[in-house]
Amino acid sequence: MNTKEFLAEHKVIAICRKVYGENLLRLAEALCGGGVRLMEVTFDQADPDCLEKTSEAIRMLSEKFAGELLPGAGTVLTSDQVQCAANAGAKYIISPNTSSEVITGTKKLGLISIPGAMTPTEIITANDLGADFVKLFPSGYLGFKYIKDILAPISHVKLVATGGVTEENLPEYLKLGFAGAGISGRLCDKALIADGNYAEIKARAMGFAAIAAGGQH
């Protein structure tokens with residue numbers, strides 16, 4: 001199964017921000033154990049060491065969970081970050097915005113491109129530049145009325161919902177035809193990680209994975 005098929009099958013991408021080392025491995029183990037097999041490690045743009053930290057995090061996941069979990073890079077804003085992520089073993093590149101530089105750089109390296117977009121113009125531009133999926137961001141803020149209004153003219157684009165996605169609203173996104181969702185707070189809860197409560201993270205992962213499995217078309 002290639003990366004695009006893997007993303008389409010598993011649907012749920014856990015968005016991991018500022019978690020490194022042993023905590024990252026324990027988080028990944030809990031998510032994977034719960035059936036969430038996609039993990040986005042974000043570049044912290046405010047951190048001058050983000051290239052090194054994110055690359056190392058992706059490399060750790062690639063080596064430790066090879067074949068079980070597919071790591072990707074998130075908040076990717078430059079071609080240098082695309083290259084670093086690719087070198088570390090990232091299989092997909094996710095951005096908050098639509099950047100032709102990032103999209104074309106991603107595709108040249110043979111990786112899956114998931115840029116962020118909000119408006120119909122941005123979504124179609126991203127798709128035309130070669131994006132494999134387009135992250136609708138911030139989905140929760142935009143709301144389902146907005147989403148339903150824009151779906152008709154862009155139904156050919158595979159959308160991934162990100163921002164405010166929960167167990168309660170994920171079924172609605174999948175019912176509307178979304179290819180998947182990026183989830184941060186519910187799956188990479190900083191308080192649970194600080195407490196070492198990985199059992200709760202695994203339980204939440206099981207819930208999301210079950211919804212994703214039931215929502216497949």
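Keep in mind it's a predicted model, so treat the numbers as computed, not measured.
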Exercise for the section: For Lys158 and Val134, run side-chain contact (heavy atoms from CB on, under 4.5 Å): C-alpha distance rounded to whole Å, both residues' side-chain angles, the deciding distance at 0.1 Å, then the answer. Expected result: CA-CA 6 Å; Lys158 293 182 175 67; Val134 177; over 6 Å; no
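- Using modelled atom types, one side-chain atom of Thr166 and one backbone atom of Glu168 make a donor-acceptor pair closer than 3.5 Å.
- The distance from the NZ atom of Lys190 to the CG atom of Leu27 is 10.0 Å, given to the nearest 0.5 Å.
- Rounding to the nearest 0.5 Å gives a distance of 9.0 Å between CG of Asp189 and CG of Asp195.
- We find that Arg204 and Glu200 are joined by a salt bridge, their nearest charged nitrogen and carboxylate oxygen being less than 4.0 Å apart.
- Val102 and Thr78 get closest at one heavy-atom pair: CG2-N, 3.8 Å.
- Using a 4.0 Å cut-off between a side-chain N of Lys or Arg and a carboxylate O of Asp or Glu, Arg37 and Glu68 do not qualify as a salt bridge.
- Hydrophobic clustering (ILVMFWY, side-chain heavy atoms < 4.5 Å, transitive): Val19 and Leu187 are in one cluster.
- You'll find the side chain of Cys32 stays beyond 4.5 Å of the side chain of Val36, heavy atoms only.
- For Glu122, the CD atom is densely surrounded, since the number of other residues' heavy atoms within 6.0 Å is greater than 12.
- Nearest heavy atoms, Ala85 versus Ala73: CB-CB, 3.5 Å.
- For the atom pair OG (Ser95) and CD (Gln81), the distance works out to 8.5 Å, reported to the nearest 0.5 Å.
- Residues Arg17 and Ser184 are in side-chain contact: their nearest non-hydrogen atoms beyond the backbone lie under 4.5 Å apart.
- Put simply, the side chain of Asp132 never gets that close to the backbone of Tyr92: no donor and acceptor are under 3.5 Å apart.
- Other residues, nucleotides and ligands place more than 12 heavy atoms under 6.0 Å from the NZ atom of Lys107.
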Practice task
Evaluate the criterion side-chain contact (heavy atoms from CB on, under 4.5 Å) for residue pair Leu7 and Ile112; output intermediate values, then yes/no.
Solution key: CA-CA 9 Å; Leu7 278 155; Ile112 296 299; 3.7 Å; yes
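- Of the charged side-chain nitrogens involved, at least one lies within less than 4.0 Å of a carboxylate oxygen, so that Lys53 and Asp47 count as a salt-bridged pair.
- Using a 4.5 Å cut-off on side-chain heavy atoms (C-beta onward), Leu77 and Phe43 make no contact.
- When hydrophobic clusters are built by joining Ile, Leu, Val, Met, Phe, Trp and Tyr residues whose side-chain heavy atoms come closer than 4.5 Å, directly or via intermediates, Ile193 is grouped together with Met60.
- By the criterion of side-chain heavy atoms lying less than 4.5 angstrom apart, applied directly or through intervening Ile, Leu, Val, Met, Phe, Trp or Tyr residues, Ile154 is grouped together with Leu136 in one hydrophobic cluster.
- Counting all heavy atoms, side chain and backbone alike, Cys188 lies closest to Ile15 at SG-O, 3.3 Å.
- Of all heavy-atom pairs spanning Ser55 and Ala88, the tightest one is O-CB, 3.2 Å.
- Within the 4.5 Å cutoff, the side chain of Glu29 has no heavy atoms near those of the Tyr198 side chain.
- Tested against Val12, the residues Leu31, Ile211, Val165, Ile183 include a single side-chain contact (heavy atoms from CB on, under 4.5 Å) partner, Ile183.
- You'll find the side chain of Phe178 stays beyond 4.5 Å of the side chain of Leu170, heavy atoms only.
- Taking a cutoff of 4.0 Å between a charged side-chain nitrogen and a carboxylate oxygen, Glu172 and Lys148 qualify as a salt bridge.
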Handout entry: side-chain contact (heavy atoms from CB on, under 4.5 Å) assessment of Arg186 paired with Phe208
Key = CA-CA 10 Å; Arg186 292 293 296 161; Phe208 277 106; 3.7 Å; yes
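- Linking ILVMFWY side-chain heavy atoms closer than 4.5 Å, directly or via other members, places Ile201 and Leu69 in a single hydrophobic cluster.
- When all heavy atoms of Pro96 and Thr75 are compared, the closest pair comes out as CD-CA, 3.9 Å.
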Practice task
Please report the C-alpha distance between Leu70 and Met39 in whole Å, then the side-chain angles of each, then the deciding distance to 0.1 Å, and finally whether the side-chain contact (heavy atoms from CB on, under 4.5 Å) criterion is met.
Solution key: CA-CA 6 Å; Leu70 277 191; Met39 202 166 169; over 6 Å; no
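- Remark: Phe144 CZ to Asp149 CG distance equals 13.5 Å, nearest 0.5 Å.
- Side-chain contact check for Asn169 versus Tyr173: some heavy-atom pair is nearer than 4.5 Å.
- Distance check: Ile94 CD1 to Ile114 CD1 gives 4.0 Å after rounding to the nearest 0.5 Å.
- Distance check: Thr98 OG1 to Met118 CE gives 11.0 Å after rounding to the nearest 0.5 Å.
- Between Gly33 and Lys202, the closest heavy-atom pair is O-CE, 3.5 Å.
- Of the N and O atoms on the side chains of Ser79 and Glu101, at least one donor lies less than 3.5 Å from an acceptor on the other residue.
- Within 6.0 Å of CD in Gln45 there are more than 12 heavy atoms belonging to other residues, nucleotides or ligands.
- Under the 4.5 Å side-chain contact rule for hydrophobic residues, Leu51 and Leu111 share a cluster.
- One N or O on the side chain of Ser139 and one on the backbone of Thr162 form a donor-acceptor pair closer than 3.5 Å.
- Residues His156 and Asn127 are in side-chain contact: their nearest non-hydrogen atoms beyond the backbone lie under 4.5 Å apart.
- Using modelled atom types, one side-chain atom of Thr54 and one backbone atom of Thr42 make a donor-acceptor pair closer than 3.5 Å.
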